Amino acid sequence: MTKLVAILMGSDSDLELMKGAAQVLDQFDIGYEINVLSAHRTPKETTEYVDAAPKKGIKVIIAGAGGAAHLAGVCAAHFGGPVIGVPVESKALKGLDSLLSTVQMPPGVPVATVGINAAKNAGLLAVKILAASDESLSQKLNDYMKKQTDKVLEKNNKLRDLGFEKYLKSKI
Ligand code: RP5
């Protein structure tokens, strides 16, 4: 399977969260590589990896890091394609540091930043980017979105039928 997405993270401590992006890509049968590479602890290896990515066929990079989270920014500085940044929740500042470090890029070097810990959304955003030039993937995405809508409408019907008290009890 061609690997179209690179998932990077600053530490293996990010993996439990970042696997959410991989799981979404699995759902859509999109090939990916997954690596621990840090903007600060492995700067040389990180830039070498990102520089080599286009030749391997990588179209989108998802980069998750916490604290002084510069990984997505470094990727965006070296990669011509879209970079999606995942700010990973930090202990000291609950991820606000990660969010600001990831999202506040200088003009000319964009990082599409998702919410704190929103690895699943990063995966979905990668799918959407790839679906823009892939009709069959676009169809799969439409089906996925429709299922999501149907689930909410089903819950709403149940809420209307039962009333809120019975509905909440039925969820326990
Ligand atoms: C960042 O520092 C990583 O992305 C991680 O979120 C955070 C803590 O890393 P570890 O000390 O757990 O390796 O670089």
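The structure presented is a predicted model; accordingly, all values stated were derived computationally and were not measured. Whatever order the structure lists them in is the order used to number ligands and atoms, beginning at 1.
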Output for ligand 1, non-hydrogen cut-off under 4.0 Å, lists G10, S11, S13, D14, R41, A65, G66

Checklist entry - Do I7 and L125 belong to the same hydrophobic cluster, where Ile, Leu, Val, Met, Phe, Trp and Tyr are linked whenever their side-chain heavy atoms lie under 4.5 Å apart, directly or via other members? => result yes

N-O pairing of K147 and D143 below 4.0 Å | no

- Answer yes or no: is there an ion pair linking E48 with K44, defined by an N-O contact shorter than 4.0 Å? yes

*asked:* Test your reading of the model: is there a side-chain donor-acceptor pair from D134 to the backbone of L130, 3.5 Å cut-off?
replied: no

Before accepting this row, confirm whether a basic side-chain N of the pair K140/D29 lies closer than 4.0 Å to the acidic partner's carboxylate O.
-> yes

Expected output: side-chain N117 to main-chain E89 donor-acceptor under 3.5 Å: yes

